[in-house]
Amino acid sequence: MKDSDPLEDPRPQIDGSDPLEDPRLQIDGIDQALIDLIAQRMNAVRSIAEIKDADPHQPLRDESRERQVHQTWRRRGAAAGLSSYFLGRILREIVHYSRRDQERRLRGLDPAAGVGDKVVGFQGIVGAHSQLAVAKLYTSRCGVTPRSRGYAGFEEVVEALERGEIDAGLLPIENTTAGSINEVYTLLGKRRLHIVDEEYWEVRHVLAAKHAIPVDELRVIRSHPVALRQCGHFLSRLREVEVEHAFDTAGAAREIASGDSLTTAAICSEEAAREYGLEVLARDLADQPDNITRFVLVRLQAESPDPRLRCRTSMVLTTDHRQGSLARCLDIFSERRINLCKLESRPQPETPWQYLFYLDIEGRLAHPQVAAAIEEVRSHCNSLRILGCYPMRNLVEALPTEETEPAAEAPAGGKVVAEPAAAARPHPRRIAVGTALFGPDQFTVIAGPCAVESRSQILQGAEMVRAAGATLLRGGAFKPRSSPYSFQGLGFEGLELLHQAGRAYELPIVTEVLRPEDVAAVAAKADMLQVGARNMQNFALLQELGRIDRPVLLKRGMSATLDEMLLAAEYIMAGGNHEIILCERGIRTFEPATRATLDLSAVPVLKERSPLPVIVDPSHAAGRRELVIPLALAAAAAGADGLIVECHPDPAAARCDKEQALTGEDLQRLMRALVPILEGAGKRPGQRGVA
Ligand code: PEP
Ligand code: MN
């Protein structure tokens, strides 16, 4: 049986047989075997779950075992010529599925019992993202998809719950692109609801119409306003199209299915397109690749999760008007080393300038440490109500890698409280760049001119760098200049000069690459490739850098948040290149006294969230020579793993960024001033000649 249109096969069919048939049959057989094997694996997992269930002291997660499995997959995958990145993703999904299955067994629920007569409410109609999330969550809660019923709005879901028409309601609470969903927060504050579970749902938008027609023949595209906003880039390319708002994405699909227009399409979920018999014309339309919604499951009664599950506790509180009263409440959690996951404030319309604060903490309500903290917080605020304590879920499970430290031993009775933040810190990585090393016990200085200007200039520059004891040589061959009339760099000629200077003075070299098509040629000459601030979200460039085996210096965009910076790093990692050094170089603020505002908090925050080395560029942040040394020293004191600074043999004659270029003497002064700070921090000056 063939499932594709033979006309699509460009190959001639001399004897009338389809040459694709045999390999497709083979693939079908292999897929069946894969499904059978996954089912067998799940059975084995269930046997383990039964053993764990019988012994409440058995920790649920065994990270060393997971690490071992991950390593085996990587090793065997590599031996079989498979990408460790993609194999890792498959394993993550399998482990995620297994863990959810184990957790569901812990609840002691008979998978099939009692669910058939339960109804879960959601906002929207069949095929809405909320309904799909109900199905996903219940697979974890009890292994069976319950009946679900759609309502016009969030409030209607809550009313149905209060009337006893449904047993639970699933409400979206926040989205990675649209932010918090205020209406749901308001409902949680006002109504007697208990959060009993949560779910993450990845929203993927497709374009669907009655028949498969070319996208440029469409005249109308209809969807929920938020979905339309999320697909702005895609829509801006379609000049002839009119955009129409719909009540929800699945509703738009249903209207198109029941209408006559062939040139109208909906932006909806793939599932909604299937449900209403539409053809998918295009996929992955959203501007941002990660569009994730967190839902909460609400009921009228609280539930008490198994003590071995990692839990979140949500509460809503009001404080009095005194200054610092909210800060005092937050301090109580921090003093008890309880992780605050979310803080949200909503005004109370009936009492202007008084706010309801919504807090999520990591930890189980019944744990003595959490309970004591909450009681203390209660004594500092006007009112505090627990919204619920429920298992913390993920989109997919993170796997421990070799770089992840083993988790602390679970205390008897289960690991339930949030670990102190330090325990969750990623284990810092070491990255070699030529003969230089970046890592937690090193402080590595990159120095050199803004741009390579001539052979003699870069050779003198390299000599200065070497003499001062810095470890790597920088120099721009391709310069991203704000003005098209400024010096643009010597291009490949400059790269060759930099390469030769690096060789002459035995310094690894770092240079910026501007275009994806130049990546391979630059990688052939440079030891590390720099992504400049202006290119931090040039995704085509990042993807290309993911394919090479050279470290990348990723500079923070001038208006990029740290999360955006880390996501930019993930673009590179997604291609398989994990050798990335992050660089804080100042951001744009209202302050004109410096070229940019050096955000030194970026250093500890990035280190908290990522294992990658973090260095600081005080030159582009300061824009003025006299500020470079103080900012560099502050960066070292803040825990940076190194610096990138600009210097020039003759700053007054520099063709680029002359005001911020250090002289050779300045550079030596900086290197000397760093010594006591690095001693205090237990870091060695970056070593040369350490491969
Ligand atoms: C540079 O380092 O040469 C540079 C242009 O820096 P940024 O991208 O941080 O402006
Ligand atoms: Mn510069």
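Note that the coordinates shown come from a computational prediction; the quantities given were computed from them, not determined experimentally. One-based numbering, in listed order, for ligands and for the atoms of each. Residue numbers start at 1 and run along the sequence shown.
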Nearest candidate to atom 4 (C) of ligand 1, where distance is taken over non-hydrogen atoms, out of H620, R534, R595: H620

Using a distance-only test with no angle check, is there a side-chain donor-acceptor pair under 3.5 angstrom linking R455 and Q500? yes

Sub-4.0 Å heavy-atom contact, K479 with ligand 1: yes

Among protein heavy atoms, which sits nearest to atom 8 (O) of ligand 1, and what does the distance come to when rounded to 0.1 Å? A533 N, 2.7 Å

Let me know which of V510, I548, L553 forms a side-chain contact (heavy atoms from CB on, under 4.5 Å) with L529. I548

Short list, please: which atoms of ligand 1 are under 4.0 Å from a heavy atom of G532? 8 (O)

Given R556, E646, R585, which one has a non-hydrogen atom that is nearest to atom 10 (O) of ligand 1? R585

Can you find a heavy atom in the side chain of H96 that is under 4.5 Å from one in the side chain of R92? no

Can you confirm whether the side chains of D657 and H620 place a donor and an acceptor under 3.5 Å from each other? yes

Rounding to 10°, state the angle centred on the Mn ion (ligand 2) that links OD2 in D657 with NE2 in H620. 90°

Say whether E344 and S180, considering side chains only, have a donor N or O and an acceptor N or O under 3.5 Å apart. yes

Among M565, M558, R585, which residue meets the side-chain contact (heavy atoms from CB on, under 4.5 Å) test with M536? M565

With respect to atom 3 (O) of ligand 1, which of R474, E512, Q530 exhibits the smallest heavy-atom separation? R474

In the protein, which heavy atom is nearest to atom 6 (O) of ligand 1, and how far is it? K555 NZ, 2.9 Å

Check whether NZ of the Lys or CZ of the Arg R466 lies under 6.0 Å from the centre of the six-membered ring of Y505 and within 45 degrees of that ring's axis. no

Name whichever N, O or S atom of E646 ends up nearest to the Mn ion (ligand 2). OE2

